[in-house]
Asks: 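Could you have a look at this structure, given as structure tokens, before my questions?
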Amino acid sequence: MQTYTYLDNGAATRLDERVLEAMTPYFLEAYAVATSEFGYSLGIESKEALDVARASLAARLGASPEEFVFTSGDTESSNMALKGVALALGEKKGKHIIVSKIEDFPVLHSAQALERQGFRVTYLPVDGEGVVDLEALEKAIDRETFLVSIQHANQEIGTIQDIAAIGRVCRKKGVLFHTDATHTFTRVSIDVSDVPVDLMSVSAHTIHGPKGIGGLYVRKKTPIAKWMDGGFQEFDLRAGLENIPGAVGFARAADLVTDEENQRLTGMRDRILDRLLNEVPDTVLNGHRSSRVPQNANVSFHYVEGESITLHLDIRGFAVSTGSACFSRSLEGSHVIFGIGGDHERAHGSIRFTLGRFNTVEEVDQVISTTSEVVAQLRRISPLAPHEAPSEEAK
Amino acid sequence: MGDISIDCVGQNCPVPLVETRKALRKASPGDVVEVTGTHPSSKREIPMAAEAMGLEILDVVEDGERWTIRIRK
């Protein structure tokens, strides 16, 4: 049987068995709804597990437990941050928010939804490496601005933003700051006692935790309204039955990520980038070379389409992703590659390798050599590639 | 399941390869998948992919711009 190497850990990760082991009792034994100490013992046990998980995840951020709200994942967290703050403030401060052009869809589409409701949105440009210009941010903040949402690291190209500096600008200007930390939580250190961030989206699915659980850090006294009605769960901020197995699994998943693991991923990431950029001609880096998350390597191969590369790699036993149009299920190529100044060819030829706990250096070497072969083969039949002699199709 | 024919005439790369893969996933061992198309790169890309999958390419027949590739699963 063909072995299969999964290198799309930015999209979803394989659950760690130790996470499943931690979650299992909360499916089969302490499965009751979380209740207070005035309730029945099975519910008290559930509640205690929820509290322990919350305290553990909050501590990882340097936050207090009551500042960490469980959600169904980063999409809900970012919706809650943008729409919840907009709802809470109404027009008290104005109707202007700022997001970067390369945000992931939860932030970008929440901003667009607010725009349709009459809010004004500034989509802040980034430079060629995907970094937000702090001066441009400061200039974009006006009297009506109430919220800035800029991601901690990019979902496609991995570039890390200086959220401490962004937070300081926001603090100076008196506006709230939300960051989407889906791709950095536990991979890049974040301490909210140092970094002036008011809201932060995190998720378990990128760190070998379960799907369907995430969280939103909400700094004390941040104005935020409940935007999904129901019960009084999660400090009356997020209605709905608590996902206790998910919360326990998320906390366990976060505990399992170590500095050593992040260093190992960084080594494999650099190996992919160094070798592909050196060994495959006409290949360009997407994102910042060093200020990027440990698990992300992203390059564009000229003259070939990302979909073709992913298909041929899949056939050879490797899962990667592309910013090309068909694959991304939108009609356009990656808005991130366009956002860093790339053209259609660069967007369509982009390939993202995202590493996880279960990848090895051997797998990395195999994907590098296989990618190199696939790109060479596809270029031989590409009408766009320069050929020594005109190919049959080019005649 | 029996032999499968797919018509990818007028479709550009990589659609013919995607459709071929879908058909090959559904096919049973021994079935023949016949794909017809017009996109020049796909004519070369599909046999390349079939070879990587360890499948037998029975023939590639050309009729003007139109080509037909037969692959045995």
Side-chain angles (χ1 to χ4, degrees), chain A residues 1-5 301 303-329 331 333 344-345 347-351 366-367 369-387 389-395, chain B residues 1 4 6-73:
Chain A
M1 193 182 147
Q2 186 186 37
T3 55
Y4 200 76
T5 300
F301 300 100
Y303 318 123
V304 282
E305 287 174 349
E307 289 106 338
S308 286
I309 300 172
T310 56
L311 286 168
H312 284 273
L313 282 177
D314 180 51
I315 286 165
R316 289 158 178 81
F318 299 93
V320 300
S321 69
T322 173
S324 197
C326 299
F327 198 89
S328 63
R329 295 182 212 160
L331 297 174
H344 279 272
E345 197 207 349
H348 290 294
S350 69
I351 295 290
Q366 284 160 5
V367 81
S369 54
T370 309
T371 304
S372 176
E373 282 164 28
V374 164
V375 169
Q377 280 187 341
L378 290 172
R379 281 179 178 166
R380 278 199 288 276
I381 63 170
S382 167
L384 301 170
H387 296 282
S391 70
E392 198 181 323
E393 283 75 32
K395 280 178 191 168
Chain B
M1 146 137 211
I4 303 171
I6 344 164
D7 183 358
C8 293
V9 172
Q11 302 272 18
N12 286 342
C13 181
V15 175
L17 176 58
V18 172
E19 293 301 324
T20 305
R21 287 193 70 206
K22 275 171 29 188
L24 285 166
R25 285 174 75 92
K26 284 184 197 159
S28 305
D31 286 353
V32 173
V33 170
E34 183 182 278
V35 52
T36 304
T38 44
H39 191 64
S41 294
S42 299
K43 181 186 73 188
R44 298 172 69 178
E45 189 181 23
I46 291 169
M48 187 199 297
E51 199 178 319
M53 285 186 266
L55 303 174
E56 184 188 359
I57 299 144
L58 298 176
D59 47 39
V60 180
V61 178
E62 294 185 57
D63 178 13
E65 283 188 352
R66 199 182 170 95
W67 45 259
T68 299
I69 301 166
R70 291 194 312 137
I71 305 162
R72 189 189 302 281
K73 187 171 179 187

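Bear in mind the structure is a predicted one, so any value in this text is a computation, not a measurement. Lettering follows sequence order; numbering is per chain, from 1.
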Asks: For residues 10-20 of chain B, which residue pairs qualify under side-chain hydrogen bond (donor to acceptor under 3.5 Å, both in side chains), counting only residues two or more places apart or in two chains?
Replies: B:N12-B:H39, B:E19-B:K22
Asks: In this structure, are over 12 heavy atoms from other groups packed under 6.0 Å from B:E56 atom CD?
Replies: yes
Asks: Nearest 0.5 Å please: distance from the CD atom of A:E305 over to the CD atom of B:E45.
Replies: 8.5 Å
Asks: Between atom CG of B:L17 and atom CD of A:E307, what is the distance when rounded to the nearest 0.5 Å?
Replies: 11.0 Å
Asks: Exactly one of A:V374, A:I315, A:I381 should register a side chain to side chain contact (heavy atoms under 4.5 Å, CB included) with B:M48. Which one does?
Replies: A:I381
